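What follows is a single structure, written as structure tokens, with notes after it.
Source: prediction; values computed, not measured. Atoms considered below: every heavy atom in the structure, side chains included; atoms not considered: hydrogens, waters and symmetry mates. This chain uses plain numbering: 1 for the first residue, then up along the sequence.
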Amino acid sequence: MNSETSDTLDQAMVRSSGLDTLLRDLTDRAVQEVPGADACSITVRRADRLLTLAGSDGLPSGLDLRQYENGSGPCVDAAETGEEQYAPDLAEESRWPSYTQYALSAGVRCVLAVPIAVEGERGAALNFYGVRAGALGTGRDAARAFAARSGDAIDVALRIERRRQSAADVRTALLSRSVIDQAVGILMARERIDARIALERLRRASQDRNVKLRDLCGQLVARVSTPDSRRPM
């Protein structure tokens, strides 16, 4: 891959406002850089199932999903085996009969799925689609180089996303703890009981009403300024 492409991908990471934007930039760039590619998508295994993280303009709807549903297809095999899958002419392909029929009906004639290594994910692939038989034959080296470069970018983006999610989880936990503490304080003042008894009473009410403790406490805190806020929990 040339330096111009590398610079473009680095710039995409910098200007991206999120993972979706970055990955969409990568798939659109792949179509421009790989000879014979009319569409591109990114497959990653997450939570024990394969999904498409992003697809370029022109990617037929359901093209990847049909593979995931059948558990069979070039991008499935590339992600699960770590081996490149190339079908120069789907009209003569016999490895994935159900998928092949669907892809041909969607106007796809040639498929190349290149595995990519992504930290923390068990299986990923960059998928290239062509509308002419043999369209991707001369672009395989470019596709491999692009997949290697994209793997680094996707890896960084996913790590950033995981950190953001972790930070969001921490904020949620802190907010939950705060509202629970407020509810405990309300019961302590209202019933003249200590914190341990107040918390136990809230937990019992949560179980009896089949409501999460955080939600129950939020409801109590929200009612403190209403006329019926003196009702016991």
Give a yes or no on whether Arg132 atom CZ has more than 12 heavy-atom contacts from other residues, nucleotides or ligands under 6.0 Å away.
no

Looking only at atom types and distance, does a side-chain atom of Asp64 sit under 3.5 Å from a main-chain N or O of Thr52, one as donor and one as acceptor?
no

Between Tyr86 (side chain only) and Gly137 (backbone N and O only), is there a donor and an acceptor less than 3.5 Å apart?
yes

Measuring from Met188:CE to Leu199:CG, what's the distance to the nearest 0.5 Å?
11.0 Å

Donor on one side chain, acceptor on other, Asn70 and Trp96, under 3.5 Å
no

Please find the pair of heavy atoms, one from Ser41 and one from Thr27, that lie closest to each other, and give the distance.
CA-CG2, 4.2 Å

How long is the straight-line distance from CG of Leu213 back to CD of Gln207, given to the nearest 0.5 Å?
9.5 Å

If you count the non-hydrogen atoms of other residues, nucleotides and ligands that lie under 6.0 Å from CD in Gln32, is the total more than 12?
yes

Nearest heavy-atom pair of Ala133 and Arg109: which atoms, and what distance?
N-CG, 3.4 Å

Tell me if a side-chain donor or acceptor on Glu33 pairs with a main-chain N or O of Phe146 at a distance below 3.5 Å.
no

Which atom pair, heavy atoms only, marks the closest approach of Asp38 to Gly130?
OD2-CA, 3.5 Å

Where is the tightest heavy-atom contact between Ala143 and Val114, given as atom of each residue plus distance?
CB-CG2, 4.4 Å

Is any side-chain heavy atom of Gln67 closer than 4.5 Å to one of Ser72?
no

Any idea which heavy atoms bring Ile116 and Ala125 closest together, and the distance?
CG1-N, 3.6 Å

Can you tell me how far the CD atom of Glu200 sits from the CD1 atom of Ile197, to the nearest 0.5 Å?
9.5 Å

Taking every heavy atom of Ala113 against every heavy atom of Pro74, the minimum-distance pair comes out as CB-O, 3.4 Å

Sidechain-backbone polar pair: Arg45 side chain, Ala124 backbone, donor-acceptor under 3.5 Å:
no

With rounding to the nearest 0.5 angstrom, report the CD1 to SG distance, Ile42 to Cys75.
12.0 Å

